[in-house]
There are 2 protein chains.
Amino acid sequence: MCLALLDGRAWTAGELATHVGVAPSTATEHLHRLVKGGLLAERKQGRRRYVQLADPGAAQLVEDLAARLEPGPPTVTGLRAVTASAALRRGRTCYDHLAGRLGVAVTDAMTSRKMLDQDGGFALTPYGKQWLVSTLGVTLEGGRRPVARACLDWTERRHHLAGVAGARLCETFLARRWVTRIGTGRAVRLTPEGRDALRTHLGVDRLD
Amino acid sequence: MCLALLDGRAWTAGELATHVGVAPSTATEHLHRLVKGGLLAERKQGRRRYVQLADPGAAQLVEDLAARLEPGPPTVTGLRAVTASAALRRGRTCYDHLAGRLGVAVTDAMTSRKMLDQDGGFALTPYGKQWLVSTLGVTLEGGRRPVARACLDWTERRHHLAGVAGARLCETFLARRWVTRIGTGRAVRLTPEGRDALRTHLGVDRLD
DNA sequence: CCGACGGTTCGGTGACGGCCGAACTGGCGG
DNA sequence: CCGCCAGTTCGGCCGTCACCGAACCGTCGG
């Protein structure tokens, strides 16, 4: 369930129950514990109850656990499952930022263009901040949350950009329709406009 | 047990058993699972078996879990326990770097002296690298491990410096006897020479 | 060579936890 | 007003897991 919630959206108890294949009563029990423990936040709307990860810290924790526990995606079988997992590997959201080959490619491009410093840690350079704020028009005020943070990509086994900057970047990509969600899941697809934008802004020609 | 192992040292199975108050056979069972799961590494020496956290990633995971789960140190009672926990709050090692008020103070001083950029993320500045390498004489080669990383301090509720830089800094502090270990635990004490060094190198006058 | 000691293996036990089905609650819609 | 649906509560069952004591194994020291 926590893995499913990593898409950053709010799920209903019933959705999660069928998704993981347990009875609704079982799901209810688990979700109550996770809420009481502070990992999830709940929001009641009429007769249904939505849960989502409580905060970016919770998402990071789940992500880190998953990264350590999964030595690789367990071999999927069946055409449907294979295409779905291929789409996820190509591009997806990870809580509130971009991941998969797309997320890593953006991170790499920002690094080689000196917008991101991965040499002394993981931080935006002044130029990188300027690009985000002036060129893309986002704001980087984030309260106590770090502006830039490395998040280990569990399909690519590389770091991609998370934190406030990663979240704003992902919002921008979605708002400008550089990427669109595939169906209702976490997978995203790069649009032709997105392809152009990647080339002009970041010099990324193609994603393998 | 994992919390105890956060001091970075290698413990024997028996030590851990008595430390957490279970039978040796129980400890053995748990430790075998943790080793098989890749969280701990074991090293046999004669008739005893040492275990320690497998890698910095494992330490980070345990630390992050602890930071999230502990809303604060559960009120300790008794003079002995109180002084011990006060010493831990003042200064300690966290796996392989400095933590507690000492660790946070060093991190803050490096930040205000522009050695560390906490504004765009968490990274050493060129000046910070130069200070570590030229003035303190450490090397920052660390393979795949990040040079600088933020680690949430569970007593101070603030970030302190971890990663390769944090580890080298801690080694230096210990080697130059700026801090010394108190007894056999994780707690460290600032020596008079350490006090001088903090003042001359980082402009830190006193730790509250 | 023998005893002490650290560690492990094994069998058994008690309890806890996950899970479900059935009954119940309360919004929502016809 | 009644039926439907999402979710919850409750009771009970079963599996599993933590734990321990006792026996066992190797290593070290006398």
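Keep in mind that this is a model prediction, so the values were computed, not measured. What you see below is based on every heavy atom in this structure, not just the backbone, and it leaves out hydrogens, waters and symmetry mates. Chain naming here is simple, since letters A, B, ... match the order of the sequence lines and numbering starts at 1 in each.
Applying the salt bridge (Lys or Arg N to Asp or Glu O under 4.0 Å) test to B:Arg186 and every residue at least two apart in sequence or in another chain returns nothing.
Within the structure, every pair that satisfies the ring-ring contact (aromatic ring centres under 6.0 Å, His included) test and touches residues 12-45 of chain B, not counting sequence neighbours, is listed here: B:Trp11-B:His19. For residues 173-194 of chain B, the ring-ring contact (aromatic ring centres under 6.0 Å, His included) pairs, not counting sequence neighbours, are B:Phe173-B:Trp178, B:Trp178-B:His201.
In this structure, A:Arg49 places its CZ atom 16 Å from C1' of C:dG27, rounding to the nearest Å. As rounded to whole Å, 12 Å separates atom C1' of D:dT8 from atom CD of A:Glu42. To the nearest angstrom, P of D:dA6 lies 18 Å from CZ of A:Arg43.
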At a cut-off of 3.5 Å, list every protein nitrogen or oxygen paired with a nitrogen or oxygen from nucleotides 18-20 of chain C, distance to 0.1 Å.
{"from": "C:dG18", "atom 1": "OP2", "to": "A:Arg33", "atom 2": "NH1", "distance (Å)": "2.9"}
{"from": "C:dG18", "atom 1": "OP2", "to": "A:Arg33", "atom 2": "NH2", "distance (Å)": "3.3"}
{"from": "C:dC19", "atom 1": "OP2", "to": "A:His30", "atom 2": "NE2", "distance (Å)": "2.6"}
{"from": "C:dC20", "atom 1": "OP2", "to": "A:Ala23", "atom 2": "N", "distance (Å)": "2.7"}
{"from": "C:dC20", "atom 1": "OP2", "to": "A:Thr26", "atom 2": "OG1", "distance (Å)": "2.9"}

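Note that the CG atom of A:Asp64 and the CD atom of B:Gln60 stand 6.0 Å from one another [nearest 0.5 Å]. Separating the CE atom in B:Met110 from the CG atom in B:Leu161 is a distance of 5.5 Å, to the nearest 0.5 Å.
Near-neighbour residues of DNA chain D inside residues 7-20 of chain A, defined by a heavy atom below 4.0 Å, number-ordered: A:Thr12, A:Ala13, A:Gly14.
Of the possible donor and acceptor atoms, none in the side chain of B:Arg195 sits under 3.5 Å from a partner among the backbone N and O of B:Arg206.
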Worksheet entry | nucleotides 24-30 of chain D: protein proximity per nucleotide (B base, S sugar-phosphate only, - neither; heavy atom, under 4.0 Å) | --BBS--
